[in-house]
Structures are given as C-alpha cells and as structure tokens.
Amino acid sequence: MSVDKAFEEEFLREGTEVLKHVIPKMVQIWKQLGFPTAKIQERFRTAVSHHKELWDSMLEEEQNNKKKIVSTIDRLGRQHHQLCKELGTHYREFGDEIPLLEMEKLLQETLAGLNKEKEERMKSVRALFHEEDKLSARLNVDPCSLNRDRIPTSDQFNMLQELVSKLKMEVVTRQVQFVTLRDSIKNSMAELEMSARSSFEMDLLVSDPQSISLSDADMNKIKEIQQGLVSRIEKNKRKTADLWSVIETLWERLNIETDVREIFHMQNRGSAPSTITSLERELTRLEELKRQNIERFIHAVRQDLISWWDRCYVSDAERRNFTPFYAEIYTEDLLELHEAQVEKYKELHTTNKDIFQKVLHRENLWKRMEDIEARGRDPSRLFGNRGCALLQEEKERTKIMKELPRVEAQLTELLNNYERTHGHVLQINGQDYRQVVVNQWVLYEEQKENEKLQRQRERADKLVEEAKGGAKPNTPMKRRLGTTAIRTQMESPKAKQRKLLMPSTAPQQRLGPGRRILTEAMVNQLPQGTPSDHDASVMSTYSVFTENIAARIQGASSPNQNY
C-alpha cells in the first residue's frame with residue numbers, strides 16, 4: 001500500500017471517529033432539548049449539508065490554487081524558454097514527477113539567474129549602443145539596425161562589438177587626418193599671409209579634434225580647402241621663380257652691383273604675396289632701366305644669346321640667319337626679337353639637356369683620346385717617364401676606349417628618340433651628330449693605318465741605308481707585296497718579338513657601319529746580293545757596331561707602336 005493511500009485511510013478513519021463521537025452527543029442534546037424526531041433529523045441533515053459544503057468549499061479552493069500554480073508554471077516556463085532563446089543558452093527540462101510547488105520554485109530561481117544574466121548583458125549592449133551612437137554621430141553615418149529593446153544574440157552582440165571597433169578606428173584615423181590637414185592649413189595661411197574667410201574655416205582652426213564632426217562631407221571640404229591653399233602656394237612659387245629668373249637676368253645685363261643683389265635677396269625670401277609684390281616692383285624698376293639703356297642691354301642680350309648658341313651647338317650658318325643680331329639701330333622691337341631668340345634656345349636646351357650633356361661629354365672624351373695619341377707620338381716622353389707616367393697614360397687610354405662606346409650608344413639612342421618624336425634630326429653644329437661620330441672613327445682608323453705604314457716605310461728605308469753602307473743585316477729580309485714601291489725590311493729577332501707583343505693600333509671591335517679598314521701597305525723584298533769575302537772582312541767589325549746601334553734605336557722607338 002502506498003503512502004498516499006494509507007494517509008487517505010487514516011484521514012477517513014479519523015473523520016469517521018469524529019463523527020461517531022460528535023453525532024451521538026448532538027442527538028442527545030437535541031433530545032434533551034425536546035426536539036421531535038423530525039426536527040432532529042432535519043438538524044442532522046443540516047449539519048451533514050453544512051459539513052459537505054465546507055468540504056466542497058475547501059476542495060474548490062484547493063482546485064483554484066492548483067490552477068493558479070499551473071498557470072504560474074506555464075508562464076514561467078514560457079519566460080524561461082524565451083530567455084534561453086534570447087541568451088542562446090540551453091533550455092532546462094523539468095520532469096512531470098516534480099511537484100508543482102517545487103517546479104514553480106525551480107522555475108523562479110532559474111528565471112532569476114537568467115534575468116540577472118540578461119541584465120548584465122543588456123548593460124554591456126546599452127554601453128555599446130551608446131558608444132555607437134556617439135561615433136556614428138561624429139562620422140554622420142546611420143547606426144546599426146538592431147532592435148534595442150531585445151537582448152541581441154551572441155552573433156549580434158559580436159557584430160555590434162566589431163562595428164564599434166571599426167567606428168573607433170575610423171574616428172582615430174580621421175582625427176589624425178584632421179590634425180594633419182588643420183596644421184597644413186594653418187601653415188599655408190601663414191605663408192599666404194591670410195586668415196580664415198568663413199565661419200567653417202574659423203571653426204576648423206579653433207575646434208577640438210576630439211569633438212569636431214568628422215563626416216565625409218566635412219572631411220572632403222577640409223581637404224578641398226587644404227588643396228586649394230597648397231595650389232595657391234605652388235602657383236606663387238612658380239610665379240616667384242619666374243620673377244626671380246627675369247630679375248636676375250636683368251641684373252646681369254644691367255650690371256647691378258652684387259651687394260645690392262644680396263641685400264634684395266635677403267629681404268625677399270619665400271613666395272608670400274608681399275614678396276611677389278616686392279619682386280614685381282623691382283621688375284618694373286629694372287624694365288625702366290632697360291628702356292633707358294636699350295643699346296647696352298641689347299649688347300648684353302646678344303652675349304647671352306651667343307652663350308645659348310654655344311650650349312645648343314648652333315651652326316654658324318644658323319647664327320647668320322638671325323639677321324637682327326647685326327642690326328645697329330637699337331629699339332624695343334629689336335630687343336624683343338633677341339629675347340625671343342634667347343628664350344627659344346633656352347627652351348631647346350632645357351628640353352634636350354640630356355642630349356647636349358652627352359655631346360659635351362663625348363667631345364671631351366674624344367679630345368682626351370686625341371691628346372693621349374699626340375703624346376704617344378712624341379719620342380721625348382720616354383726620357384721623362386717619372387712616376388709611372390706611361391702606365392697612367394695607358395690606363396687613361398683604356399678607360400676612355402671603354403667609356404666612349406657606352407656614351408656614343410646612349411647618345412645615339414637619345415638622338416633616335418628625338419627624331420621619332422619630332423620627325424626631324426636634332427642637328428649639332430649643323431650636322432647629324434650620329435654621322436659625325438661615324439666619320440670621326442673612320443678618319444681615326446685611317447690615320448692609325450697611315451701611321452703604321454709610315455713607320456714601316458721608315459724602318460725599311462733605314463735598313464736599306466744600312467745595307468748600302470756595308471752593315472750586315474741581322475736576319476734575312478722578308479718579301480712583301482707593296483702597293484706603291486719596292487722596299488726591303490729587315491728585322492732582328494728581338495724586333496720581331498716586340499712586334500708580336502704590341503697591341504693592335506686599330507682594334508677590329510672599334511669598326512662600325514661606315515668605317516673601313518685600309519689595306520696595309522706592303523713592301524717588296526729588294527734583290528739580295530751575296531757579299532764578297534772582302535765585303536765580309538770589311539763589315540766584320542762595323543756590323544757589330546751597327547747592329548748594336550740599330551737595336552738601341554728599335555728599342556727606343558718600339559713603345560710608339562702602342563698608339
């Protein structure tokens with residue numbers, strides 16, 4: 001038997017005992033009072049009815065109480081389910097075996113914990129929303145569309161945190177940009193000698209970077225102001241540079257004292273409007289002096305024009321074509337013609353500065369090479385060779401021969417580009433400089449070849465004279481085919497060895513298009529005669545002497561073969 005069943009039986013038994021004890025006493029009292037049987041039965045039925053109503057009332061009350069508890073549990077259960085869903089936590093299940101009052105208590109405790117967690121999370125969310133509102137207001141962007149009355153999910157909460165972080169970074173970045181732009185604007189205004197012209201510019205200069213609006217529209221407007229000021233500064237700088245260029249040119253042509261120029265320079269630095277005004281006044285003064293000294297000024301401009309002609313390698317024919325250069329009636333129009341000519345060649349030089357510099361460099365290299373060649377043809381340099389001068393000379397010659405092809409290749413490329421761009425050749429001294437380079441090398445190779453042939457003739461003539469004088473040749477004479485005459489050349493073994501060790505005077509790699517190699521002149525062998533015994537006896541002593549003299553001469557002249 002279960003505990004509940006035993007409790008019910010015990011309760012019924014006790015109730016029955018109460019009735020058994022109470023009812024007889026009540027009946028006895030009713031009899032003593034003299035109630036008739038019918039009255040007693042009526043009162044008994046009334047007592048039973050009252051007892052039944054009491055129990056029915058109690059039952060109804062308990063049933064209502066149960067309904068309230070069930071309704072409360074149902075409401076708490078729905079709240080529990082909703083909070084778990086909003087918080088993203090696990091929903092707790094309660095079994096049917098748990099009594100209703102205990103279930104109500106458990107739900108109330110669970111809901112209290114969930115509501116506390118919700119409140120803490122909402123507190124953080126409200127802080128994020130508040131911060132997002134401030135940042136969005138400074139950047140003038142729309143806030144996020146999350147429902148602020150409901151607790152966000154974990155994903156929504158993370159998204160809100162990420163959004164606030166991005167807004168913070170953007171605000172910091174724009175604050176740095178704002179400070180940089182504001183400082184630039186302040187400096188530019190100071191340089192332009194100006195102040196704020198609108199309320200926006202005034203607010204821009206005095207506002208706190210921590211509170212000023214950083215919207216896209218405001219930042220773009222600030223950038224426009226800054227760029228406009230920078231543009232004005234650059235314009236003033238260009239104008240200042242142009243004014244200084246003209247003023248300094250006029251100073252030179254008018255022979256203005258150096259002290260006056262230096263003082264004026266010190267007093268007019270920068271590109272502020274006041275400086276520009278001062279420069280314009282100085283230019284006006286110099287223009288007036290120019291008109292007063294027109295003849296002297298035109299002569300100065302002509303000297304300047306000659307300088308630019310020289311820098312641009314203008315030919316004599318082109319210079320003569322400018323007939324105003326020779327005019328002797330000095331007027332403003334004549335001056336303007338000369339100044340226009342100066343500007344023309346100045347611009348030409350500026351635009352093609354690389355070409356003219358390469359031409360100058362190449363001309364200097366060629367001149368140095370010719371100087372070395374000329375020194376190489378001077379025999380007296382061998383007797384003053386102190387401090388390894390010959391070695392240094394050879395190193396310089398090697399360096400030039402390496403650098404010349406590189407410079408010429410670069411110069412050729414620049415000239416080709418100019419011709420492709422402009423459709424005509426940039427003339428240097430009235431000629432196509434590319435052909436000038438080719439012609440110079442052809443002439444150089446011909447000169448080297450002629451010098452080589454000349455040395456061969458001189459040696460052959462010397463050997464012939466020695467043979468006629470009775471000297472015995474050191475080696476058998478060689479037969480060579482000559483183009484102009486028949487000569488005899490004799491060489492000693494030492495002379496042959498030196499010739500084999502000598503570098504070629506006209507290396508093949510230097511030959512390019514348009515260059516030709518002249519055929520080496522050859523000399524034929526003169527008829528050999530067999531000397532008689534008398535001749536041999538006469539030459540026995542003299543041949544030793546002449547042989548030593550010839551060796552010394554050849555040894556002294558051999559270094560020239562390198563050039």
Tightest non-hydrogen contact, residues I233 and S271, listed as O-OG, 4.3 Å
All heavy atoms of T275 vs all of R269, minimum pair found to be OG1-O, 3.2 Å
Does any N or O in the side chain of [X] come within less than 3.5 Å of the main-chain N or O of [Y], such that one atom is a donor and the other an acceptor?
X	Y	answer
T173	M169	yes
T398	E394	yes
N187	D183	yes

Would you say that more than 12 heavy atoms from the other residues, nucleotides or ligands in this model lie under 6.0 Å from the [atom1] of [X], or not?
X	atom1	result
H50	NE2	no
F44	CZ	no
E60	CD	no
H21	NE2	no
M194	CE	yes

What I want to find out is whether [X] reaches [Y] closely enough, with some N-O distance under 4.0 Å, to be called a salt bridge.
X	Y	value
K116	E119	no
R434	E419	yes
E403	K399	no

Would you tabulate the side-chain donor-acceptor contacts of residues 342-353 under 3.5 Å, counting partners in other chains and residues two or more places apart, or write 'none'?
{"unit_1": "Y345", "atom_1": "OH", "unit_2": "E318", "atom_2": "OE2", "d": "2.7"}
{"unit_1": "T350", "atom_1": "OG1", "unit_2": "K346", "atom_2": "O", "d": "2.8"}
{"unit_1": "T351", "atom_1": "OG1", "unit_2": "E347", "atom_2": "O", "d": "2.8"}
{"unit_1": "N352", "atom_1": "ND2", "unit_2": "L348", "atom_2": "O", "d": "3.0"}

Can you find a side-chain donor-acceptor pair between [X] and [Y] that sits under 3.5 Å?
X	Y	result
N268	S278	yes
D218	S215	yes
S274	E193	yes
R362	Q440	yes
Y433	E408	no

Check: Does I400 reach the side chain of W366, with side-chain heavy atoms less than 4.5 Å apart?
Finding: no
With sequence neighbours left out, the residues meeting side chain to side chain donor-acceptor pair (under 3.5 Å) with R43 are none
Across all chains, not counting sequence neighbours, the salt bridge (Lys or Arg N to Asp or Glu O under 4.0 Å) partners of K166 are E162
**Prompt:** Is the charged tip of R253 near the ring of W251: under 6.0 Å from the six-membered ring centre and within 45° of its axis?
**Reply:** no
Students often mix this up, so state it plainly: with edges at 30° and 60°, are the rings of H51 and W55 parallel, tilted or perpendicular? perpendicular
